[in-house]
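What follows is a short report on a single structure.
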Amino acid sequence: MATQKTKNYTQFLELRSEIDRFDLELTKDFKSQLSIVPFLSRKVVSFQGNKDKPAYNWYKYKEAFSAGLVAYFLSSYEGGIQGTVLDPFAGIGTTLFAAKEQNIHADGIELLPIGQEIIQTRLLLLKGLTSVEIATLERWIASQPWKECPERVPFSTFRITEGAYPSETAEAIERYKGALQQETEKIQKILCLALLCVLESISYTRKDGQYLRWDARSGKMRQGTKPFNKGVILPFASAVTTKLKEILSDVTSHKTPTTLFPTVQTESSIRLFKGSCLEILPTLETASYDAILTSPPYCNRYDYTRTYALELAMLGLTHAEVTSLRQEMLSCTVENREKDLLKICSNWSPFIEAANNQKLLKTINTYLEYEKAAGTLNNNSIPRMVRGYFSEMACVIGECFRVLKPNARLFMVNDNVRYAGVGISVDLILSDIARTLGFEVEKILVVPGKKGNSSQQMGTYGRVPLRKCVYVWRKR
Ligand SMILES: C[S@@+](CC[C@H](N)C(=O)[O-])C[C@H]1O[C@@H](n2cnc3c(N)ncnc32)[C@H](O)[C@@H]1O
C-alpha cells in the first residue's frame with residue numbers, strides 16, 4: 001500500500017515538473033512574441049470599455065469586448081485592414097458594428113439566441129426610425145399602455161428561472177407582452193429589446209460567471225449559503241421606460257456622433273449567421289476574409305446558458321432547447337459531453353491531431369486524469385472539458401486558417417485558466433497549435449495587470465496571476 005502511495009506521489013511530481021518544463025520551453029519559444037501592451041487595459045478588452053458608448057451599452061453583455069479594441073485592431077494596428085472581417089463568436093456583435101463604423105464589411109456567427117436577438121434588432125435600427133415609429137415609442141414611454149392591457153401573455157420559465165421576479169413585475173411583463181402585440185413587427189422587436197436589456201435589473205438574480213446568484217428576497221436561498229443582497233431591484237415600469245428613452249435618444253440623436261449612426265454613414269454590410277461556428281465555418285468560402293477578430297468562450301466553466309437563462313426563457317426557449325444548446329456551445333463547462341468532431345467535418349483529423357500532439361496539453365491532460373483518479377478534483381468532468389475545449393478550438397483555428405486570405409491576420413482575445421493547482425497557458429498552447437496548422441505567431445499581446453483565478457482555486461492554491469492576452473496570428 002505504502003509503495004503504491006509512493007509510486008503515485010512520484011508520478012504526481014513527475015507530471016507537475018513535466019508541465020513546468022514544457023511551459024517554460026514554450027514560454028522561451030514565444031519569448032520574442034510575448035509583450036505587455038499598455039493600451040490593452042482591462043477596460044479595453046472587456047465590456048467596461050463600452051459603458052459610455054451608445055448602442056453598445058444597451059445590453060450589458062459581460063462577455064463582450066470593447067468597440068475601441070475592434071477599432072484599434074482593424075484600423076490602427078499595422079496599417080489596419082480593408083475588406084471583410086469575420087467573428088466566429090460574435091456575441092452581441094461588437095466586432096460587426098465597430099467594423100461597420102470603419103467601413104469594413106463584417107460577418108458574424110453566434111449560437112446564443114440572446115446575442116442573435118441583440119444583433120438583429122441593432123441591425124433593424126441601423127435603418128433608422130420613421131416619425132410614426134418615433135411617435136409610437138414616445139407614446140409607450142409617456143403613457144405605458146401595458147398597464148391598461150387586459151391581455152396577459154405568459155413567458156416561459158425553467159427550473160432555474162422560476163420565481164425570478166417579484167409578482168407585480170411578472171404580471172407587468174405579461175401585460176407588456178400582451179400590449180406589444182398591437183404594434184408593428186419592428187416596434188415589437190424594439191420593445192422586446194428594451195425588455196431583454198432590463199431583465200436582470202428587475203429580477204432577484206445577478207449574473208455571476210458560472211451561475212445565477214439569487215437575492216435572499218426571492219426566498220430561493222440555497223441551504224448553507226450566505227444571504228445575498230443585490231441592492232435595488234428596479235420596478236418594471238421605470239426600468240423599461242428608462243431603457244426605451246435611452247434607445248430612442250441614441251437612435252434619434254444627431255448631436256452626438258453615435259456609434260449607431262456614425263457621422264459618416266458607411267456602405268459596409270453586416271451579415272449574421274445563426275448557429276454553431278463548428279457547423280457554419282466549414283460552409284464558408286476558402287480564402288475569403290481579410291481578418292478575423294474574435295473572443296471565444298474561455299475555458300473557465302462559465303455556462304452561458306445558465307447565466308443568460310432569464311433572457312433565453314423570455315425569448316421562448318424550452319428547457320429541452322436550452323439543454324441541447326448547452327451541448328452545442330463550445331465546450332467550456334463540465335456539463336459539455338464530448339462532441340464527435342469528425343462527424344461534423346471529416347477533414348478535421350489534422351486539427352484534432354494537432355491538439356492531441358501538443359506536448360504541454362498532453363501532459364496537462366494526463367495530469368488532470370491522474371488527479372481525477374486520485375479523487376482530488378472538485379469536479380470529475382474537468383479533464384473532459386479541457387480536452388474538448390482544445391480539440392474544438394483546434395478545429396476552429398484550422399477552419400479560420402482556411403477561410404483567411406493569405407497574409408491576413410487573426411486576432412483572438414482569451415484568458416489563461418487554472419485547474420487542480422496547475423496554470424494552463426491557453427495562450428501558448430493555442431498559439432503552438434495555430435503554428436502547427438500553418439499560422440505564423442506574430443505576437444502574443446499581454447494585458448497589463450494579471451488576473452487572479454476562481455475563488456475556489458484561490459482558496460486552495462493561493463492567488464496565482466493568470467495572463468489575459470490578444471493573440472495575433474498571420475496566415476503565411
Ligand atoms: C466571449 S463571448 C464573445 C463576445 C463578443 N466578442 C462581443 O463583444 O459580444 C463568446 C461567444 O461565443 C458564443 N459561442 C459559444 N459557443 C459557440 C459556438 N459553438 N458557435 C458560435 N458561437 C458560440 C457565446 O454564445 C458567446 O456569445
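Counting from 1, the numbers follow the sequence of the chain as shown. Everything numeric here is computed off the predicted structure, so don't read it as measured data. Counting starts at 1 for both ligands and their atoms, in listed order.
Ligand 1 places these atoms under 4.0 Å from at least one heavy atom of G91: 4 (C), 5 (C), 9 (O), 27 (O). Using a 4.0 Å cut-off to heavy atoms of P297, the atoms of ligand 1 that qualify are 10 (C), 12 (O), 15 (C). Close approach of ligand 1 to A64 (heavy-atom distance below 4.0 Å) involves ligand atoms 4 (C), 7 (C), 8 (O), 9 (O). In summary, the atoms of ligand 1 found under 4.0 Å from a heavy atom of E328, numbered by their order in the structure, are 19 (N). Atoms of ligand 1 found under 4.0 Å from any heavy atom of G275 (numbered from 1 in listed order, with element): 20 (N), 21 (C). Which parts of ligand 1 touch P88 is read off a 4.0 Å heavy-atom cut-off, strictly below it: atoms 21 (C), 22 (N).
Checking only distances, L330 does come within under 3.5 Å of ligand 1, N or O to N or O. The shortest N or O to N or O distance between I109 and ligand 1 is not under 3.5 Å. Where the criterion is an N or O separation shorter than 3.5 Å, residue side chain and backbone included, L278 fails it with respect to ligand 1. In terms of polar-atom proximity, S295 is not counted as a contact of ligand 1, lacking any N or O under 3.5 Å from an N or O of the ligand. Taking any N or O of Y61, backbone or side chain, at least one lies under 3.5 Å from an N or O belonging to ligand 1.
The shortest contact between atom 4 (C) of ligand 1 and any protein heavy atom is with E63 O, 3.4 Å. The single protein non-hydrogen atom nearest to atom 20 (N) of ligand 1 is C277 N, 2.8 Å, given as residue, atom name and distance. What sits closest to atom 8 (O) of ligand 1 on the protein, heavy atoms only, is T94 OG1, 2.6 Å. Summary of contacts: the protein heavy atom closest to atom 9 (O) of ligand 1 is I92 N, 2.9 Å. Among all protein heavy atoms, the one lying closest to atom 24 (C) of ligand 1 is E110 OE2, 3.4 Å. Regarding atom 14 (N) of ligand 1, its nearest protein heavy-atom neighbour is F89 CD2, 3.7 Å. When only non-hydrogen protein atoms are considered, atom 2 (S) of ligand 1 lies nearest to Y304 OH, 3.5 Å. Closest to atom 19 (N) of ligand 1, if we only count protein heavy atoms, is S276 OG, 3.0 Å.
Using bins of under 30°, 30° to 60° and over 60° for the plane-to-plane angle, the ring pair Y471/W473 lands in the parallel bin. Using bins of under 30°, 30° to 60° and over 60° for the plane-to-plane angle, the ring pair Y77/Y72 lands in the perpendicular bin.
Looking at K468 and Y298, their side chains do bring a donor and an acceptor atom within 3.5 Å of each other. Residues N416 and D427 have side chains that bring a donor and an acceptor to within less than 3.5 angstrom of each other. Judged purely by distance below 3.5 Å, without hydrogens or angles, the side chains of N336 and Y389 never pair a donor atom with an acceptor atom. A donor-acceptor pair shorter than 3.5 Å cannot be found between the side chains of E117 and Y59. Remark: the H105 side chain and the S268 side chain contain no N/O donor-acceptor pair separated by less than 3.5 Å. No donor-acceptor contact under 3.5 angstrom links the side chains of S66 and N50, judged on distance only. S276 and E328 share no side-chain donor-acceptor pair at under 3.5 Å.
Contact annotation: G115 has no heavy atom less than 4.0 Å from any atom of ligand 1. Under a 4.0 angstrom heavy-atom cut-off, A90 registers as being in contact with ligand 1. Residue contacts with ligand 1 do not include S66, since none of its heavy atoms lies under 4.0 Å from the ligand.
Note: N300 CG to T333 OG1 = 10.0 Å, rounded to the nearest 0.5 Å.
Test R387, K339, R384 against E392 for salt bridge (charged side-chain N to carboxylate O under 4.0 Å, His left out) and you get one pass: K339.
Across every non-hydrogen atom of D250 and A55, the tightest pair is OD2-N, 3.5 Å. Of all heavy-atom pairs spanning A355 and I433, the tightest one is CA-CD1, 3.9 Å.
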